[in-house]
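Here is the structure we will look at, set down as structure tokens.
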There are 2 protein chains.
Amino acid sequence: MIAVAPDNSGRIRRQNQERILDAAERVFAETGFAGATIAEIAASAGLPKANVHYYFSTKEDLYRAVLQSILTLWLAPADRITPDSDPAEAMADYIRAKMEASRVHPYASKVFANEILHGGGQIQPFLSEDLRRRVEDKAAVLDGWISGGRMAPVDTRHVFFWIWAITQHYADFDIQVRTVLARKRLARRDFDHITAEVVRFVLRGLGLEFSIQQG
Amino acid sequence: MIAVAPDNSGRIRRQNQERILDAAERVFAETGFAGATIAEIAASAGLPKANVHYYFSTKEDLYRAVLQSILTLWLAPADRITPDSDPAEAMADYIRAKMEASRVHPYASKVFANEILHGGGQIQPFLSEDLRRRVEDKAAVLDGWISGGRMAPVDTRHVFFWIWAITQHYADFDIQVRTVLARKRLARRDFDHITAEVVRFVLRGLGLEFSIQQG
DNA sequence: GTCTATACATAGATAGAC
DNA sequence: GTCTATCTATGTATAGAC
């Protein structure tokens, strides 16, 4: 009888779960929930099919776990937006963080986009609770800036939709972007250029163009 | 023997194909290619399953036909952007047309988004030929405006990505938008408000804010 | 805890009567 | 041209040996 030490066993468990989650994120991103197969996820994780079922009993369980791991990333960038911060600085930081997220976690962005696109049934609570509250809070901050004459008057909740749309576009629609630009891939320096352009565009759109100097 | 008159038979044929295409567009939009079933498409079209196979031999054929019917819609709005037009007017018209497309054809937008999201294998020629050429042409028009000092200096090809991202967001991510705004649905007047906000934001972002008066 | 073999369900596609 | 019945493939999930 080969008994595995508890600490070690726990590590293997976590390690395998992590491998499966990473593989699943990629496969779900590339083919959607229905298109993804356990076989492909297992192969991509370097594990036999039944092993995936051992850690995540059903495909839906696994999908929910992937979504969960994404949602924790999703709200973080908005932390920079506070009443006391300089509007232009705060919004520029936010946009940069969102662009960085698109560059580093394109699969996460695609899984999220796919879930929303198909009705968002699995993340309804996140949308109606966490995200909604967050947007209300941050929109209130922007409204304060507008009242103080520090920003152009806009419907502030839509400002977030626009920033999400633009920044996530570079992850979700990357094939279209690369094809239209005739680029094989978008490297870090491409993202730096794009990020600077997006920051300038959005800040100008919000009437914040004169406040910052650095791109 | 019941022979159907040729003209009439042609009409039934077109009518059934149209019903199937409409139903397929909706089902593909809601569940993606893999998630869609012929049974659901047939039910939604009010026809038996085998009838769908009669008109479109395979699921992929049907999917391609749906995409084809969308692509013809996709390039039209950019026609308003010409060297002689007033920059602000032309861009405002373009944005309004794209927002209207999102309002009227949300399923088409979702099918397109889904296809891009999953690699765009079925529309690669469209992306690399038609769309790429169109963007190059229209970006050149914008570059001309910039040279003439009529618009702020920006990377003009990305301007199109931004406008697509924002306007299509209201179709593709409608569940998120509605949930965050706590609205059951977005009516025509909601779209009118949003469109005006988007037009103002984008024009200001492009340095065109002073040129137009009407929202 | 791992993995092979397999049961079971679903869905794409087709044969053939009408 | 329409539709029922069915074939076949694929993929989820599980049983059971190791």
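Computed over heavy atoms, backbone and side chain alike; hydrogens, waters and symmetry mates excluded. By convention in this document, chain letters (A, B, ...) are assigned in the order of the sequence lines, proteins followed by strands, and residues within each chain are numbered from 1. Note that this is a predicted model, so its numbers are computed, not measured.
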Residue from A:Phe28, A:Trp74, A:Tyr107, A:Trp164 passing ring-ring contact (aromatic ring centres under 6.0 Å, His included) with A:Phe112:
A:Trp74
Rounded to whole angstroms, how far apart are [atom1] on [X] and [atom2] on [N]?
| X | N | atom1 | atom2 | result |
| --- | --- | --- | --- | --- |
| B:Arg14 | D:dG1 | CZ | P | 12 Å |
| A:Gln15 | C:dG1 | CD | C1' | 14 Å |
| B:Glu60 | C:dA11 | CD | P | 18 Å |
| A:Asp61 | D:dA13 | CG | C1' | 12 Å |
| A:Tyr55 | D:dT12 | OH | C1' | 20 Å |

So B:Phe33 and B:Tyr63, would you call those rings parallel, tilted or perpendicular, with 30° and 60° as cut-offs?
tilted
Select one nucleotide: of [options], the one nearest the side-chain heavy atoms of [X].
| X | options | answer |
| --- | --- | --- |
| A:Lys49 | D:dT4, D:dA13, C:dA11 | D:dA13 |
| B:Tyr54 | D:dA13, D:dG1, C:dT2 | D:dG1 |
| A:Asn16 | D:dT12, C:dT2, D:dG1 | C:dT2 |
| A:Lys59 | C:dT2, C:dG12, D:dT12 | D:dT12 |
| A:Ala50 | D:dG11, C:dT4, C:dG1 | C:dT4 |
| B:Asn51 | D:dC3, D:dG1, C:dT2 | D:dC3 |

Is it true that B:Asp137 and B:Arg134 make a salt bridge, defined as a side-chain N closer than 4.0 Å to a carboxylate O?
no
Verify the neighbour count for atom CD of B:Gln124: are there more than 12 heavy atoms of other residues, nucleotides or ligands below 6.0 Å?
yes
Base, sugar-phosphate, or nothing for B:Ala36, non-hydrogen atoms under 4.0 angstrom?
sugar-phosphate
